[in-house]
Engineer: 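The following block contains the structure, expressed as structure tokens.
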Amino acid sequence: MHLALWLVAGALLANLTLYVLTGGADYGSGVWDLFAIGTRADAQRELLTHAIGPVWEADHVWLILAVVILFNGFPAAFARIMTAMHVPVTLMLIGVVMRGSAFSFRGYGLGDDRARRRWGRMFAIASLITPLLLGVIIGAIAAGRTPANPARLSDFITPWMTPFCFGVGLLALAMFAYLAAVYAAAEAADPALAADFRIRAMVSSIIVGLIAGAILLLSINGAPLIWNGLTRRVWTWPIFWLTTVAALAALWALWMRRFALARICAAAQVALILWGWALAQYPYLLAPDLTIFNAAAPPRTLAILASALAAGAVILLPSYGYLLRVFKRHQRADRIVMAARREPETR
Amino acid sequence: MAMSLAFHIVFACVGIAMPLMMVVAEWRYLRTGDEVDLLLARRWSIGAAIMFAVGAVSGTVLSFELGLLWPNFMRWAGAIIGMPFSLEGFAFFTEAIFLGIYMYGWDRVSPRAHLAAGAIVAASGVISGVFVVIVNSWMNTPVGFRLVNGRPEEINPIATLTNPAALHETVHMTIAAYCATGFVVAGIHAAMWLRDRDNLFHRRAIAIAFTIGAIAALLQPISGDASARAVARLQPVKIAAFEGLFQTGPHAPLAIGGIPDLKARRLRYAIELPSMLSVMTYHNPDAVMRGLDSFPEKNWPRPLIAVHLAFQIMVGAGFAMAGIALWGFWLWLRGRGIFASPWFMRTLMLATPLGLIAVEAGWVVTEVGRQPWIIYGVMRTADAVTPMPGLDITFALYSLLYLFLGVTVAFLMWRQVLESPTSEEIVALMASGG
Ligand code: HDD
Ligand code: HEM
Ligand code: HEM
């Protein structure tokens, strides 16, 4: 039974990680879409659009799967989060809807340029707000600020209206933008475009570092659980040093224009930050009372869920790999742009 | 929640049935090399992709809403019904992955692999629909646990998958998706064809869409009859509400139309076919049907009139579509085909919304018919709701959002239809050899 619990909890974390590394970067692309500047602004936008076009829907399902695992494996935690975080979750969902529909309306909409630009702006703004709110929600969970029995309206607002939660929101936004910039630099065939995104990646890497430091300080008061977890446990220092090494390696690789390497290091860095959070609040799902043990579904459900996840992975992982192979290997994103230009029908 | 679902279900139906149509068109192209089929597959796939994206985001909202609006329900039932939802998650994944390959992969994978990707999208759409509807059927006939002091114990998630209502609901819903989408697509193309009658593009589209819609429309009354009989067995109070049957007794009449009068406890203004309900349900005019009077009034579905009217609308629309399907097959058997009859095409155009109306009405039948229970006989809807105050604001926000999305999608689809090729363009295309 314990095995099943570990598998389910591990699958939840793995899912979140994959969502951040793939879906997160898709949001980051929206951020760079908003900040596309200079003579190559249109080319930048086009690169971003075609980099995420074929994959974003699939990337998005990681989030859905994470929600499903949460409510199947840990129903009590799901119910509590969704009650206490009603307001930010609702706002985030509006962002999700706006982002996804605006992107596809722009892509397939066959509209004139003005209409497409309007959809583009909506897509970009929604891409900015949604990760911020996602981060706020995670911040409130990490701070252990989800009241068990909210009664007044203020119970639904004050828990997440803290500097710490908004700090985590900004961190999420910065990490997503950072990932997107690194991926885009790796996928651009045109050296000028790659250089644009290289600068963006390096700047956002430094911003991520600064915000992460600030959050650590904020957590002393804002999220004592995390602060204690991060400072008092044996595995803290290995994770901390690994993250730092990955971050510096990514910067170095960007500097040297070794973009494929930079992509791996940046992904590792972000994944490690996420795992640091997870380990710091272990065994709590929601402090101060819900742990992965007492919020878990009954053993039989966990065992079946774990087998379903394993069986699903057998179908899912090869298919997802196939998708990435078709669109991401060898062929660079801007060659897809050219292919699409030749064939307007496919858009 | 109900509103999000009413919105989502439209996209879900299209997401289930549209991929089949585009795959059929592409398969025809690969077999015959006819450029019109290829054009059709591409056009349809763009429509399907827009609908898919909106279906995906509205579905995401739903999966969170389960917790946002029904935290107590989810705390109680999450461990029981999570199983079909997780399997559904994988079905979505496959669908999203292969849709990406289908949409962007026209010249990046081989034609066969491309067709296969489309077929996988079509299959996983059906599978994801089946899994959610299994959840819904479990809410009608909850099994797979033992009630101990109001809590579920000895949970068996596998049994959930085979709950007694699962088979008839999933079959009926899947057919409904093909029926509704087939009629919508055929109807829109019929409207275009009526303006440009030599247009091969619209002819081909109608041939494919109407065939699928018509087969489904002919199967649907059979499947609906099976549903009705299952409901009579599993949830007798529900079928009494469908029919507005107040009195228990043999020779129960089948009511057409009518308004249930709660004070007088009878159905007013209905056309009643004597004994027909007993015959249809039990194949025996002497069979006793339980009316509403044999259940405590606090367990009656409310509002009764909504259930009764929605049932009439669904069945009426169902028979209308089955009739159109028969007419079409008769024209085809006589050898001249449906395109020789402008009256048929006009009818087809008018029938565009019938399928979707039936789907929406059918869900009102099942859902309102299950009230006051959220889990039939186990948990009342009022006990499941979130304690969050100010829900009206959330509700208004979502309404605005959906209104905006609905209008935009309708507008984009309209554009997409207007930009469909004219007959001259098709002749030019054929002449140039593609
Ligand atoms: C194109 C759509 C469509 C059409 C033509 C019909 N239905 Fe239907 N019906 C649905 C679409 C639908 C639905 C939306 O798909 C429902 C809601 C839940 C479900 O399982 O299917 C449904 C539910 C539903 C139920 C309730 C099942 C339950 O609560 O478990 C019954 C008894 C029927 N239908 C019966 C019929 C009959 C006798 C029809 C005769 C023509 C018919 N339906 C046509
Ligand atoms: C798997 C699918 C579905 C699930 C799990 C589900 C769940 C629920 C729940 C929990 C309720 C009770 C709360 C309420 O009153 O709003 C409900 C009611 C309702 N649902 Fe669904 N639903 C499903 C499909 C649908 C669909 C597709 C429609 C589309 C029209 C729909 C229409 C409604 C309506 C109209 C009510 C209101 C009943 C009333 O309050 O009187 N449902 N459903
Ligand atoms: C409680 C009810 C429901 C929930 C929680 C739900 C959830 C979802 C989610 C999360 C998605 C997005 C998947 C993606 O990104 O690819 C989705 C899409 C979809 N849903 Fe639902 N859904 C519900 C009701 C239904 C019903 C009643 C059906 C119908 C049979 C259905 C069929 C589909 C289909 C076919 C898709 C694929 C998207 C498309 O092709 O448009 N869903 N749903």
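Side chains are part of it too, since the values below use all heavy atoms of this structure and drop only hydrogens, waters and symmetry mates. Convention: sequence-line order gives letters A, B, ...; per-chain numbering from 1.
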Engineer: Check whether any side-chain heavy atom of B:I97 lies under 4.5 Å from a side-chain heavy atom of A:L316, and answer yes or no.
Structural biologist: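 Touching, per the 4.5 Å side-chain cut-off.
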Engineer: Please classify the contact of B:I120 with chain A as side chain, backbone, both or neither, using a heavy-atom distance under 4.5 Å.
Structural biologist: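 For B:I120, neither part sits under 4.5 Å from chain A.
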Engineer: Which bit of B:L87 comes within less than 4.5 Å of chain A, counting heavy atoms only: side chain, backbone, both or neither?
Structural biologist: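 Just its side chain gets close to chain A.
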Engineer: Apply side chain to side chain contact (heavy atoms under 4.5 Å, CB included) to the pair B:F404 and A:V97, showing each step before the final yes or no.
Structural biologist: CA-CA 11 Å; B:F404 166 75; A:V97 170; over 6 Å; no
Engineer: Check each atom of A:A313 against the heavy atoms of chain B and say whether the ones under 4.5 Å are side chain, backbone, both or neither.
Structural biologist: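 Backbone of A:A313 only, per the 4.5 Å heavy-atom cut-off to chain B.
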Engineer: For B:Y102, is it the side chain, the backbone, both or neither that has a heavy atom under 4.5 Å from a heavy atom of chain A?
Structural biologist: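 It is neither, since no heavy atom gets under 4.5 Å.
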Engineer: Within a 6.0 Å radius of atom CG on A:L13, are there more than 12 heavy atoms belonging to other residues, nucleotides or ligands?
Structural biologist: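 Correct, the count exceeds 12.
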Engineer: Just how far is it from atom CD1 of A:I94 to atom CG of B:L397, taken to the nearest 0.5 Å?
Structural biologist: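 Here the rounded value is 4.5 Å.
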Engineer: Does some side-chain heavy atom of A:V96 sit less than 4.5 Å from a side-chain heavy atom of B:V61?
Structural biologist: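 In short, these two side chains do not touch, never coming nearer than 4.5 Å.
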Engineer: So, for A:V61 and B:G89, which heavy atoms are closest and what is the spacing to 0.1 Å?
Structural biologist: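 Looks like CG1-O, 3.9 Å.
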Engineer: First locate atom OG1 of B:T94, then atom CG of A:L323, and finally report the distance between them rounded to the nearest 0.5 Å.
Structural biologist: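 Rounded to the nearest 0.5 Å, the OG1-CG separation comes out at 12.0 Å.
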Engineer: Tell me the closest heavy-atom pair linking B:S86 and A:L305, and the distance in Å.
Structural biologist: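 Nearest heavy atoms, B:S86 then A:L305: OG-CD1, 3.5 Å.
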Engineer: By a 4.5 Å heavy-atom criterion (distance strictly below it), what part of B:A113 contacts chain A: side chain, backbone, both, or neither?
Structural biologist: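 Side chain only.
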Engineer: Between A:F78 and chain B, with a heavy-atom cut-off of 4.5 Å, which part of the residue counts as in contact: side chain, backbone, both or neither?
Structural biologist: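 Side chain only.
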Engineer: Do B:F93 and A:S319 come within less than 4.5 Å of each other through their side chains, counting heavy atoms only?
Structural biologist: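 No, their side chains stay 4.5 Å or more apart.
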Engineer: Just give me the residue among A:V67, A:I81, A:T90 that pairs up with chain B most often, heavy atom to heavy atom, under 4.5 Å.
Structural biologist: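 Greatest number of close heavy-atom pairs with chain B: A:T90.
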Engineer: Are the side chains of B:F90 and A:L309 in touch, meaning some heavy atoms are under 4.5 Å apart?
Structural biologist: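 The answer is yes, as the side chains (C-beta and beyond) meet within the 4.5 Å cut-off.
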Engineer: Tell me, side chain or backbone of A:L65 under 4.5 Å from chain B's heavy atoms, or both, or neither?
Structural biologist: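 Contact with chain B involves the side chain of A:L65 alone.
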Engineer: Tell me, for A:L63 versus chain B, whether the close heavy atoms (under 4.5 Å) come from the side chain, the backbone, both or neither.
Structural biologist: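 Side chain only.
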Engineer: Using non-hydrogen atoms and a 4.5 Å limit, figure out which bit of B:L401 sits close to chain A: side chain, backbone, both or neither.
Structural biologist: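 For B:L401, the side chain is the part near chain A, not the backbone.
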Engineer: Hey, are the side chains of B:F92 and A:H60 touching, using non-hydrogen atoms and a 4.5 Å cut-off?
Structural biologist: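 B:F92 does not reach A:H60 side chain to side chain.
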Engineer: Please report the shortest heavy-atom distance between B:V54 and A:S101, naming the atom on each side.
Structural biologist: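 Closest approach of B:V54 to A:S101: CG2-CB, 4.4 Å.
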